[in-house]
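These notes are about the structure you will find just below.
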Amino acid sequence: MRRISPVLQQDGVDSDLISLIKTILAACREISFRVSQGELAGVLGSTLAENIQGETQKKLDVIANELLKEVILETGVVKAISSEEEDDTVAGNPHGKYLVTFDPLDGSSNTDINSLIGTIFSILPAKAELAAEDAGQFLQPGSAQLAAGYVLYGPSTMLALTTGKGTRLYTLDKTYGGFLLTAEQAAIPKYTAEFAINMSNQRYWQPAMQAYIADLLQGKEGPRGKNYNMRWIAAMVGDVHRVLCRGGIFAYPRDSKDPHKPDKLRLMYEANPMSFLVEQAGGMSSTGYERIMDIVPTDIHQRVAVILGSKHEVESCVAYHQR
Ligand code: AFP
């Protein structure tokens with residue numbers, strides 16, 4: 001089985017970008033170890049703090065954020081970072097070539113129940129004309145991403161990574177300490193009969209999503225003519241991993257539950273990197289009205305509606321929005 005560097009070299013990835021990716025993965029290996037130690041390492045439970053998103057931070061959120069921040073800034077090739085857990089961007093080397101955004105621990109409410117969690121990251125080109133301190137650096141559409149990936153801390157620790165030449169899956173070999181290529185190319189089936197959505201929000205969705213899910217629930221007897229199954233992991237990283245492995249549609253649509261927060265998922269830390277991975281695996285990603293990776297952000301902590309997965313199913317869902 002092949003290690004990461006030769007695979008990325010073969011894909012023609014810049015050597016600085018390769019070492020940046022490997023540095024991020026070194027931090028993820030450390031997070032993986034601490035996660036696997038659980039209560040023994042005293043990493044479970046909450047802190048007393050809230051992050052910029054108004055969510056209570058878990059101890060692991062803070063640990064993972066500090067680990068990633070430190071190693072990424074030490075590389076010297078990064079001009080600035082933006083983390084879901086930080087109010088503001090953090091400046092690095094003024095001459096750095098790259099920007100990194102990350103969600104250090106996605107699905108953190110799963111930590112205390114020993115369920116799936118992960119780290120999501122995205123790498124963008126730095127803008128030479130803007131200072132490292134300028135958050136405007138990050139206001140680039142997802143289509144500008146140079147690389148994106150997640151590390152899933154599950155029964156095995158897995159990495160999904162794209163640099164724009166397909167999406168590859170790697171598994172952490174804990175005996176040798178590195179990630180080995182275990183799926184050359186993730187390929188999301190075009191058709192599916194599985195959906196993932198938080199059904200408890202149903203009454204708050206917009207009419208298009210209400211109608212779409214209502215039709216899926218009618219199964220064989222309804223307009224879609226087949227029975228659908230449902231899954232919900234409450235960690236996007238786990239739901240997207242399932243979609244990459246066997247297809248499906250994942251949605252976190254706009255809702256009216258909290259008028260101050262119509263969308264839940266974060267564009268730069270969750271939606272863009274996952275959309276890049278999904279598109280590179282032959283899937284599709286949309287808000288229902290536009291391609292997610294075409295959105296030009298106006299704020300680093302912007303949220304967005306997300307519908308992604310098997311191409312034909314996402315197209316069907318988008319059609320309900322366009323009616
Ligand atoms: P946290 O990382 O704050 O736990 O949020 C996870 C998440 O943003 C995303 O990964 C899940 O798909 C979604 O929230 C789960 O939301 P529900 O609370 O509605 O299940």
Side-chain angles (χ1 to χ4, degrees), residues 28 31 35 43-47 49-65 67-68 82-87 101-122 148-154 158 160 194-206 209 213 230-244 248-258 260-278 283 285-287 292 300-309 314:
C28 292
I31 298 168
V35 166
V43 296
L44 303 185
S46 301
T47 64
E50 268 192 0
N51 65 10
I52 180 74
Q53 322 278 346
E55 300 152 343
T56 308
Q57 285 181 307
K58 296 279 180 189
K59 284 186 199 163
L60 264 173
D61 284 324
V62 177
I63 294 169
N65 187 53
L67 270 169
L68 283 158
S82 183
S83 162
E84 190 197 298
E85 298 298 333
E86 302 270 344
D87 297 7
T101 73
F102 54 88
D103 178 353
L105 209 75
D106 178 59
S108 44
S109 65
N110 279 351
T111 50
D112 297 342
I113 58 164
N114 198 21
S115 192
L116 289 181
I117 47 178
T119 297
I120 310 172
F121 59 91
S122 159
Y150 64 74
V151 174
L152 176 71
Y153 310 113
M158 289 195 71
E194 194 162 69
F195 69 92
I197 196 163
N198 186 342
M199 285 295 296
S200 70
N201 294 327
Q202 184 178 24
R203 64 191 183 285
Y204 300 110
W205 299 334
Q206 295 180 326
M209 194 47 97
I213 294 290
M230 197 198 93
R231 291 283 183 271
W232 187 248
I233 291 176
M236 188 187 194
V237 72
D239 282 310
V240 170
H241 188 68
R242 186 187 57 256
V243 167
L244 282 183
I249 182 167
F250 165 88
Y252 214 113
R254 174 160 287 203
D255 65 49
S256 59
K257 197 164 146 187
D258 175 355
H260 302 294
K261 209 170 74 178
D263 299 316
K264 163 124 186 175
L265 301 180
R266 297 71 165 181
L267 177 61
M268 299 212 303
Y269 314 114
E270 293 169 320
N272 271 340
M274 293 311 205
S275 298
F276 195 14
L277 289 164
V278 164
S285 177
S286 169
T287 61
I292 286 180
I300 55 166
H301 293 297
Q302 189 167 333
R303 295 172 188 261
V304 69
V306 175
I307 303 163
L308 59 76
V314 176

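As a basis for the values below, the full set of heavy atoms in this structure was taken, side chains included, without hydrogen atoms, waters or symmetry mates. What you see is a predicted model; the values in this text were computed from it and never measured. Read the numbers this way: they start at 1 and go in the same order the structure lists the ligands and their atoms.
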Worksheet item: Does some side-chain heavy atom of M199 sit less than 4.5 Å from a side-chain heavy atom of I213?
Response: yes
Practice prompt. Sort and list the pairs that fulfil salt bridge (Lys or Arg N to Asp or Glu O under 4.0 Å) and have at least one residue in residues 232-244, not counting sequence neighbours.
Written response: E194-R242, D239-R242
Worksheet entry | Contact list for residues 105-117, test salt bridge (Lys or Arg N to Asp or Glu O under 4.0 Å), sequence neighbours left out |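 Those involving residues 105-117 are K58-D112.
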Item to complete: Consider only side-chain N and O atoms of S122 and N272, and report whether a donor and an acceptor are under 3.5 Å apart.
Response: no
Worksheet entry | Which residues share a side-chain hydrogen bond (donor to acceptor under 3.5 Å, both in side chains) with S82, sequence neighbours left out |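 Result, side-chain hydrogen bond (donor to acceptor under 3.5 Å, both in side chains) vs S82: Y269.
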Worksheet item: Which protein residues have a heavy atom closer than 4.0 Å to any atom of ligand 1, listed by chain and number?
Response: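 If the criterion is a heavy atom under 4.0 Å, then ligand 1 touches E55, L105, D106, G107, S108, S109, N198, W232, A234, A235, M236, F250, Y252, K264, L265, R266, E270.
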Item to complete: Could you tell me how the ring of W232 sits relative to the ring of Y252: parallel (under 30°), tilted (30 to 60°) or perpendicular (over 60°)?
Response: tilted
